[in-house]
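All values below come from the heavy atoms of this structure, side chains included, with hydrogens, waters and symmetry mates left out. Every chain is numbered from 1 and lettered A, B, ... according to where its sequence line falls, protein lines coming before strand lines.
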2 protein chains.
Amino acid sequence: MQSAYGPLLDRLGLTYPQYLVLSSLGDQDDQTVGQLGTVLHLDSNTLTPLLKRIEAAGLVSRHRDPADERQVRVALTESGRNVIAQAADIPDQFAQSTGLSGAEIAQLRAALTTLRNHLRPRPERRNP
Amino acid sequence: MQSAYGPLLDRLGLTYPQYLVLSSLGDQDDQTVGQLGTVLHLDSNTLTPLLKRIEAAGLVSRHRDPADERQVRVALTESGRNVIAQAADIPDQFAQSTGLSGAEIAQLRAALTTLRNHLRPRPERRNP
DNA sequence: TGCGATTAAATCGTGTGCGATTAAATCGTG
DNA sequence: CACGATTTAATCGCACACGATTTAATCGCA
């Protein structure tokens with residue numbers, strides 16, 4: 001993924017995981033670290049340093065949620081929204097660079113999702 | 001991959017890439033770092049530290065090839081062969097844990113190989 | 001109400017991946 | 001033969017992944 005996205009992301013100064021975080025915030029702003037982790041299948045031990053880096057780059061802000069100070073909410077800055085706008089064409093360009101059709105990509109994604117769900121089952125609600 | 005192989009490899013004290021290296025040496029012993037890199041799609045910047053770790057664990061030995069001292073040949077030790085023997089059933093157990101049929105696994109592997117070949121084309125022989 | 005259990009992030013340690021550079025050996029050509 | 005080009009590993013730096021632990025806030029129940 002990195003080698004396909006790399007040339008596209010280099011001009012934005014982003015890594016692929018950083019791009020995924022910004023993308024997710026573009027879909028829904030002001031998410032908690034935990035929400036981002038659920039969407040991206042990452043944990044705070046990976047996300048916290050990554051978020052600090054894109055915060056240092058001025059793309060997001062991080063604040064404790066006043067209503068529940070255990071949680072940290074991550075929000076896009078103006079600069080972050082600009083970067084997302086510049087990245088708008090990346091998914092299509094990436095799809096091009098794979099040399100696969102849209103249907104093939106969808107099929108591959110579905111197969112990998114199935115595999116991941118088998119290998120890392122969502123933790124079940126506890127039965128009392 | 002790591003989370004599927006992890007439980008199986010933990011008892012051997014191996015990571016997944018380390019297992020791949022030993023596996024490849026099981027197929028053909030005494031390979032150079034470059035040969036391992038070609039098979040595993042890794043470079044010396046990744047392989048050298050990994051090889052030093054499994055050398056420190058006593059599983060392989062590393063020696064400069066006397067015929068061409070640029071190359072380093074990696075060979076299994078007796079202990080390394082023992083570990084490979086203990087790992088013989090891992091591929092089947094992994095296939096089980098994916099929840100996929102053999103045909104589905106083959107199809108997924110083929111799709112990923114195609115994708116990788118598009119994204120990281122094998123460097124071509126130079127045309128003079 | 002108070003105190004143990006739970007939850008959310010952060011932190012720590014280890015092991016890859018990979019771009020870029022370096023050092024040494026070998027090759028190729030004049 | 002000599003010397004620059006090439007090849008092979010090693011090294012360096014940075015950014016993930018992820019298991020394990022820690023810290024702080026909140027929850028739940030006696």
Side-chain angles (χ1 to χ4, degrees), chain A residues 1-7 9-22 31-57 59-60 62-74 116 119-120 123 125-126 128, chain B residues 1-7 9-22 31-57 59-60 62-74 116 119-120 123 125-126 128:
Chain A
M1 299 301 291
Q2 194 87 34
S3 53
Y5 273 97
L9 293 175
D10 278 351
R11 61 185 166 97
L12 302 180
L14 291 177
T15 67
Y16 180 58
Q18 290 168 4
Y19 162 76
L20 291 180
V21 167
L22 291 185
Q31 295 186 64
T32 67
V33 174
Q35 287 174 321
L36 287 169
T38 300
V39 173
L40 304 178
H41 300 274
L42 293 172
D43 218 336
S44 67
N45 49 10
T46 297
L47 281 174
T48 297
L50 185 158
L51 293 171
K52 285 182 177 176
R53 280 188 286 271
I54 59 179
E55 181 187 38
L59 305 179
V60 301
R62 294 159 65 245
H63 299 292
R64 292 273 163 187
D65 186 330
D68 183 345
E69 296 225 338
R70 290 173 304 181
Q71 300 187 136
V72 167
R73 308 206 83 97
V74 184
R116 185 184 55 204
L119 297 182
R120 299 173 68 90
R125 196 68 48 204
R126 229 172 300 294
Chain B
M1 298 302 291
Q2 195 87 33
S3 52
Y5 273 96
L9 292 175
D10 278 352
R11 61 185 167 97
L12 302 180
L14 292 176
T15 67
Y16 180 59
Q18 290 167 4
Y19 163 75
L20 291 180
V21 167
L22 291 186
Q31 295 186 63
T32 67
V33 173
Q35 288 175 320
L36 287 170
T38 299
V39 173
L40 304 178
H41 299 275
L42 293 173
D43 218 335
S44 67
N45 48 11
T46 297
L47 280 174
T48 297
L50 184 158
L51 293 170
K52 285 183 177 176
R53 280 188 285 271
I54 60 179
E55 182 186 38
L59 305 179
V60 300
R62 294 159 65 245
H63 299 293
R64 292 274 163 189
D65 186 329
D68 182 345
E69 296 225 340
R70 291 173 302 180
Q71 301 187 136
V72 167
R73 308 207 81 98
V74 184
R116 185 184 55 205
L119 298 182
R120 299 173 69 92
R125 196 68 50 207
R126 228 172 300 295

Can you measure B:Leu36 atom CG to D:dA9 atom P for me and round it to whole angstrom units? 9 Å
Has A:Arg53 got a side-chain N or O lying under 4.0 Å from the OP1 or OP2 atom of D:dC16? yes
Please report the interatomic distance CG(A:Leu50) to OG(A:Ser44), rounded to the nearest 0.5 Å. 12.0 Å
What I want to find out is whether A:Arg62 reaches A:Glu55 closely enough, with some N-O distance under 4.0 Å, to be called a salt bridge. yes
Using whole Å, report how far CG of A:Leu14 lies from P of D:dA15. 12 Å
Any non-hydrogen side-chain atom of B:Thr38 less than 4.5 Å from a side-chain atom of B:Gln35? no
Which is true for B:Asp43 with a 4.0 Å heavy-atom rule: it touches a base, it touches only sugar-phosphate, or it touches nothing? nothing
Without decimals, in angstroms, what is the distance between B:Leu42 CG and D:dT11 C1'? 17 Å
For B:Arg73, report the nucleic acid contact type (base, sugar-phosphate, nothing); a contact means any heavy atom under 4.0 Å. nothing
Should A:Leu36 and A:Val74 count as side-chain neighbours, where that means a heavy-atom distance under 4.5 Å? yes
Start with the C-alpha distance between B:Thr15 and B:Leu9, add both sets of side-chain angles, then the distance that settles side chain to side chain contact (heavy atoms under 4.5 Å, CB included), and finish with yes or no. CA-CA 7 Å; B:Thr15 67; B:Leu9 292 175; over 6 Å; no
Can you tell me the Watson-Crick or wobble partner of D:dC12, both distances under 3.5 angstrom? C:dG19
State whether A:Thr15 places a side-chain N or O below 4.0 Å from either non-bridging phosphate oxygen (OP1 or OP2) of D:dC16. yes
Contacts to DNA chain D from residues 63-72 of chain A, heavy-atom cutoff under 4.0 Å, which residues? A:Ala67, A:Asp68, A:Glu69, A:Arg70
Rounded off to whole Å, could you give me the OH-to-P distance for the B:Tyr19 and C:dT16 pair? 15 Å
With heavy atoms under 4.0 Å as the rule, sort A:Leu47 into base, sugar-phosphate or nothing. nothing
Single hit among A:Leu40, A:Val39, A:Leu14 for side-chain contact (heavy atoms from CB on, under 4.5 Å) with A:Leu20: A:Leu40
To the nearest Å, how far apart are B:Gln18 CD and C:dT16 C1'? 9 Å
Should C:dG30 form a Watson-Crick or G-U wobble pair with both distances under 3.5 Å, which nucleotide is its partner? D:dC1
Heavy-atom side-chain contact between A:Gln31 and A:Gln71 under 4.5 Å: no
Side chain of B:Thr46 (C-beta onward), nearest among C:dA9, D:dA10, C:dT16: C:dT16
For B:Lys52 and D:dT11, give me the distance from atom NZ to atom P, rounded to whole Å. 4 Å
Using purine N1 to pyrimidine N3 plus N6-O4 or O6-N4 for Watson-Crick, or N1-O2 and O6-N3 for G-U wobble, both under 3.5 Å, which nucleotide pairs with C:dA24? D:dT7
Once you apply the 3.5 Å cut-off to both distances, tell me the Watson-Crick or G-U wobble partner of D:dA30, or none. C:dT1
Quick one: are A:Thr32 and A:Val72 in side-chain contact, heavy atoms under 4.5 Å? no
Can you tell me how far P of C:dA8 sits from CG of A:Leu51, to the nearest Å? 16 Å
Mind calculating the distance between CG (B:Asn45) and P (C:dA23) to the nearest angstrom? 17 Å
Pick the nucleotide of DNA chain D nearest each of B:Gln35 and A:Ser44; which residue has the one closer to the 5' end? B:Gln35
